[in-house]
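Here is the structure we will look at.
Heavy atoms only: backbone and side chains are in, while hydrogens, waters and symmetry mates are out.
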Amino acid sequence: MNTTATRTVWIVSLYVVASTLVAITAPSVEIIMAMFSLGILLIPYMVIKVLKEASHSTKTFSD
């Protein structure tokens, strides 16, 4: 089940981890703020992408 939504979640998750590592090392405030600003845009994009993904399941809560 390698869909575009799954790839988007992986990419955004890796970006968040990378931006956290950059924030810890703190090379400059401008880089941190740019990555933070892009992260603010990427997370809602990821949520919309996942919610719009057409997936069907036959499982129920009793499974």
Side-chain angles (χ1 to χ4, degrees):
M1 191 166 138
N2 198 4
T3 63
T4 58
T6 306
R7 281 189 293 250
T8 303
V9 170
W10 275 106
I11 291 169
V12 172
S13 298
L14 291 174
Y15 180 82
V16 169
V17 169
S19 63
T20 303
L21 294 174
V22 168
I24 290 171
T25 58
S28 71
V29 176
E30 292 83 14
I31 294 173
I32 295 169
M33 292 305 292
M35 291 184 80
F36 180 72
S37 300
L38 185 59
I40 288 175
L41 296 174
L42 283 176
I43 291 174
Y45 171 76
M46 174 188 66
V47 171
I48 291 169
K49 189 83 164 173
V50 169
L51 291 176
K52 286 189 174 185
E53 180 76 20
S55 65
H56 303 285
S57 177
T58 58
K59 292 185 179 185
T60 62
F61 286 107
S62 61
D63 289 341

Heavy-atom side-chain contact between Val29 and Met33 under 4.5 Å: yes
With a cut-off of 3.5 Å and sequence neighbours excluded, list every side-chain donor-acceptor pair involving residues 8-15.
unit_1, atom_1, unit_2, atom_2, d
Thr8, OG1, Thr4, O, 2.7
Ser13, OG, Val9, O, 2.7
Tyr15, OH, Met35, O, 2.9

Cluster overlap Ile31 with Leu38, hydrophobic side-chain contacts below 4.5 Å: yes
Joint hydrophobic cluster, Ile43 plus Val22, side-chain heavy atoms closer than 4.5 Å: yes
Over all atoms of both residues, closest heavy-atom pair of Thr20 and Val16: OG1-O, 2.8 Å
Nearest atoms (heavy-atom pairs only) where Ile32 meets Ala23: CD1-CA, 4.0 Å
